[in-house]
Amino acid sequence: MRKAVCPGSFDPVTNGHIDIVSRASQLFDEVVVAVGVNKSKARRLFSAEERMEMLEKVCAPFPNVSVAGFEGLLTTFCEQHGIRAIVKGLRAVSDFDYELQMAQMNSSLVDVETVFIPTSPEYSFLASSLVKEVATFGGDVSGLVPPDVLTRLTQRLAERAAAGEEDRS
Ligand code: ADP
């Protein structure tokens, strides 16, 4: 049984993530989408539970894909789950330097290979951080995230904006 992990923060999941997960699901028998829940990254828009809930919904159509949280090292998660492949999407050359270093570090820690899948051209500019930034200023991100994520994103940003107004008054 060939198992792979697609790791990330998914804050929130975008159509670019789904593209990679869906393509990985065709290459491997089982794919685990692993959501980093490290406490040090406190500046998330969505909690780990919310990010996992959104992922579970969008991954439901893929029968061999599951969602899990992980804390600490991804390589420890891989060892615990008998996973030998880490799947990462590569958007541009700018992703490559960091991803290569990370891949080499991970394979020096445990017996794991990183498999890079080139992003589909229509998603090559897509990043969760940019989606949040554009949406914060009222930009239309409806083509970039699933409908349920769009609803939650709009709601969360409105809550944040209201809280910000309260702080200033
Ligand atoms: P991180 O928290 O590591 O920055 P993200 O949650 O934003 O990660 O993304 C997780 C992984 O999903 C990335 O490391 C990358 O492999 C992949 N990814 C993100 N956005 C895209 C995209 N637009 N196209 C292809 N792959 C992507």
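These numbers come from a predicted model, not from an experiment. Both ligands and their constituent atoms are indexed starting at 1 by order of listing. Nothing fancy with the numbering, it's 1 onward along the sequence.
- In terms of polar-atom proximity, defined here as any N/O pair under 3.5 Å, G8 makes no such contact with ligand 1.
- Ligand-side atoms of ligand 1 in range of S9: 1 (P), 2 (O), 5 (P), 6 (O), 8 (O), range being under 4.0 angstrom from any heavy atom.
- Side chain of H81 to main chain of C78: no donor-acceptor pair is present (N/O by atom type, distance under 3.5 Å, no hydrogens or angles).
- In terms of modelled atom types and a separation under 3.5 Å, the side chain of N64 and the main chain of S25 share a donor-acceptor contact.
- When the heavy atoms of R91, K88, E99, E122 are ranked by distance to atom 20 (N) of ligand 1, first place goes to R91.
- Within the listing of ligand 1, atoms 25 (C), 26 (N) sit less than 4.0 angstrom from a heavy atom of I20.
- Between K3 and D29, no side-chain nitrogen of the basic residue sits less than 4.0 Å from a carboxylate oxygen of the acidic one, so the salt-bridge criterion is not met.
- With a heavy-atom cut-off of 4.0 Å, P7 touches ligand 1 through its backbone alone.
- The N/O atoms of L126, backbone and side chain alike, include one that comes under 3.5 Å of an N/O atom in ligand 1.
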side-chain contact (heavy atoms from CB on, under 4.5 Å) between Q26 and S22: does it pass, once the steps are laid out?
CA-CA 7 Å; Q26 291 165 41; S22 130; 4.0 Å; yes
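- By the 3.5 Å distance cut-off applied to N or O atoms, F10 is counted among the residues near ligand 1.
- In terms of polar-atom proximity, Y123 is counted as a contact of ligand 1, with an N or O under 3.5 Å from an N or O of the ligand.
- Considering backbone and side-chain atoms together, R44 places no N or O closer than 3.5 Å to any N or O of ligand 1.
- Contact check for V13 versus V145: no side-chain heavy atoms found under the 4.5 Å cut-off.
- No N or O atom of D11 sits closer than 3.5 Å to an N or O atom of ligand 1.
- Checked for salt-bridge contact, K132 and D11 meet the test: a charged N lies under 4.0 Å from a carboxylate O.
- Ion pair R156/E50 flagged as a salt bridge, since at least one NZ, NE, NH1 or NH2 atom sits closer than 4.0 Å to an Asp/Glu carboxylate oxygen.
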